[in-house]
Amino acid sequence: MHQKGAIQIIEWEDLDKRKFYSLGVFMTLTTRATVYPASLIRTLLQVQKGKALYSGTFDAFCKILRAEGVRGLYRGFMVNTFTLISGQAYITTYEVVRNYVSHYSPSNTVKSVVAGGAASLVAQTITVPIDVVSQQLMMQGQGEHLTRFKAKPKRVLTTTKRRLTFGQSRDITVQIFAADGFRGFYRGYVASLLTYIPNSALWWPFYHFYAEKLSLLAPSECPHLILQALAGPMAAATASTITNPMDVVRARVQVEGRSSVVETFKQLLAEEGVWGMTKGLSARIISSTHTSVLIVVGYETLKRLSLRAELVESRHW
């Protein structure tokens, strides 16, 4: 019996899996397209030295938009869409592991931490190679002097302007393999795990914690989806702030081709001090908070639409 006003969590066994996966692909693609510009700006801010090119998130947004238009905010997006695979792997791993852990612990926090960390491990194993190529494409244009790899621009017949096309991803991929071999596609893998596993393991328990606290403060008739939509960005801001130092190190390792997480961390501290660890934090919070709203609303709606027919009437939203 659920406490009045308590947030009801839809578990793995409650779902119609066919609906869950078919609707999930559309939700993931829509979310990634919406938040991609903020992710691109975050990467550019994290890898630049000091404030050599951009003074902050808004400055980077304006300069990219002025120089390249909206297309500039989506450099590398076509390659990044392959992370749809990792998105589905993340969702599946989270739900399956959460269900498995429930047999050993009734604690929602324990289930959330373990499942969130495991889901990120699986997803990052798929995502890192895609991120490596995508980040190199992000750096083309105004930030290309910061990367070892240069895409070959294709001339467009109708104009003298040189634009990057989808074929540039192949050029970058070939260059990475020629320079570093297969290991080059997993540059920054350890840093990614050190960033995203804690981030994911923190986000889920904070999300459920904030949602429960909000449910106690809100009127009983308040829709749970609204409370969850508020809890998502609160959890994202908390997790992003805690894990941002490793995210800065991860970006530098992947873009600059460094091999040591520890050495990169030391150099960043030596060159830019503790404040260097906050680089890109505002862009990351902006990206993660509104991403979280989209993810929470989309994911919770997805689970409700995918709820097994016989359970629909028994749930209060």
Side-chain angles (χ1 to χ4, degrees), residues 7-36 39 77 79-103 108-131 134 192-193 195-211 224-225 228-229 231-233 235-236 239-240 243 287-309 311-312 315 317:
I7 300 293
Q8 293 178 293
I9 300 173
I10 300 175
E11 302 289 2
W12 182 244
E13 65 269 17
D14 300 332
L15 301 173
D16 179 328
K17 309 304 187 295
R18 182 180 57 81
K19 290 181 180 178
F20 184 71
Y21 283 115
S22 58
L23 293 172
V25 171
F26 175 76
M27 182 206 76
T28 303
L29 181 60
T30 302
T31 301
R32 290 188 185 280
T34 304
V35 305
Y36 190 80
S39 297
F77 178 70
V79 174
N80 193 261
T81 57
F82 287 108
T83 55
L84 283 173
I85 300 170
S86 66
Q88 295 305 302
Y90 180 95
I91 290 173
T92 301
T93 303
Y94 177 78
E95 294 292 349
V96 170
V97 172
R98 181 183 171 85
N99 183 57
Y100 177 78
V101 175
S102 68
H103 298 309
N108 185 51
T109 299
V110 172
K111 289 188 286 186
S112 298
V113 169
V114 176
S120 186
L121 172 62
V122 172
Q124 285 307 305
T125 301
I126 300 171
T127 300
V128 167
I130 300 169
D131 271 351
S134 179
S192 291
L193 295 184
T195 300
Y196 291 116
I197 288 180
N199 189 80
S200 180
L202 288 171
W203 188 88
W204 287 101
F206 272 120
Y207 165 60
H208 290 302
F209 171 78
Y210 288 134
H224 289 174
L225 189 59
Q228 290 167 323
S240 294
T243 62
S287 173
S288 63
T289 50
H290 79 265
T291 298
S292 290
V293 173
L294 292 171
I295 288 176
V296 167
V297 172
Y299 189 59
E300 295 295 347
T301 300
L302 168 65
K303 291 210 292 185
R304 290 167 196 185
L305 292 174
S306 304
L307 194 64
R308 289 180 9 230
L311 298 176
V312 173
R315 300 302 175 98
W317 309 124

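Values below: every heavy atom of this structure, side chains too, minus hydrogens, waters and symmetry copies.
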Notebook entry, point to check: Between the side chains of Tyr207 and Ser112, is a donor N or O closer than 3.5 angstrom to an acceptor N or O?
Noted result: no
Checklist line | Modelled atom types, side-chain donor and acceptor of Tyr94 and Ser200, under 3.5 Å | finding: no
Margin query: Please report the interatomic distance CD1(Ile295) to OG(Ser288), rounded to the nearest 0.5 Å.
Written below: 9.5 Å
Note to self: I want to check something: taking the side chain as every heavy atom from C-beta on, are Lys111 and Trp204 in contact at a cut-off of under 4.5 Å?
What the structure shows: no
Notebook entry, point to check: Got a donor-acceptor contact below 3.5 angstrom from the Ser120 side chain to the Gly116 backbone?
Noted result: no
Notebook entry, point to check: Is there side-chain contact between Asn99 and Glu13, with heavy atoms separated by less than 4.5 Å?
Noted result: yes
Checklist line | Inter- and intrachain pairs under salt bridge (charged side-chain N to carboxylate O under 4.0 Å, His left out), touching residues 290-302, at least two apart | finding: none
Checklist line | For Thr125, all residues meeting side chain to side chain donor-acceptor pair (under 3.5 Å), sequence neighbours excluded | finding: Tyr189
Check: Taking only residues two or more places apart in sequence, or in another chain, which ones meet Ser39 in a side chain to side chain donor-acceptor pair (under 3.5 Å)?
Finding: none
Note to self: Do Tyr100 and Trp12 have side chains that approach each other closer than 4.5 Å (heavy atoms only, starting at C-beta)?
What the structure shows: no
Notebook entry, point to check: Where do Val293 and Ala229 come nearest, in terms of heavy atoms and distance?
Noted result: CG2-O, 3.8 Å
Note to self: Assess whether a salt bridge exists between Glu95 and Lys303, defined as any Lys/Arg side-chain N lying under 4.0 Å from an Asp/Glu carboxylate O.
What the structure shows: yes
Check: Heavy atoms, side chains only, cut-off 4.5 Å: are Gln124 and Ile197 in contact?
Finding: no
Item checked: Considering all heavy atoms, the nearest Val97-Ala115 contact -> CG1-CA, 3.7 Å
Check: Rounded to the nearest 0.5 Å, how far does CG of Asn108 lie from CZ of Arg98?
Finding: 4.5 Å
Note to self: I need the Thr109 OG1 to His208 NE2 distance, nearest 0.5 Å.
What the structure shows: 9.0 Å
Notebook entry, point to check: Once you round to the nearest 0.5 Å, how far does CD1 of Ile7 lie from CG of Leu225?
Noted result: 9.5 Å
Notebook entry, point to check: Below 4.5 Å, heavy atoms only, C-beta onward: do Thr92 and Tyr21 meet side chain to side chain?
Noted result: yes
Notebook entry, point to check: Can you find a heavy atom in the side chain of Leu302 that is under 4.5 Å from one in the side chain of Phe20?
Noted result: yes
Note to self: To the closest 0.5 Å, what do you measure between CD (Gln228) and CD1 (Ile9)?
What the structure shows: 8.5 Å
Checklist line | Straight-line distance of Ile85 CD1 to Thr127 OG1, nearest 0.5 Å | finding: 9.5 Å
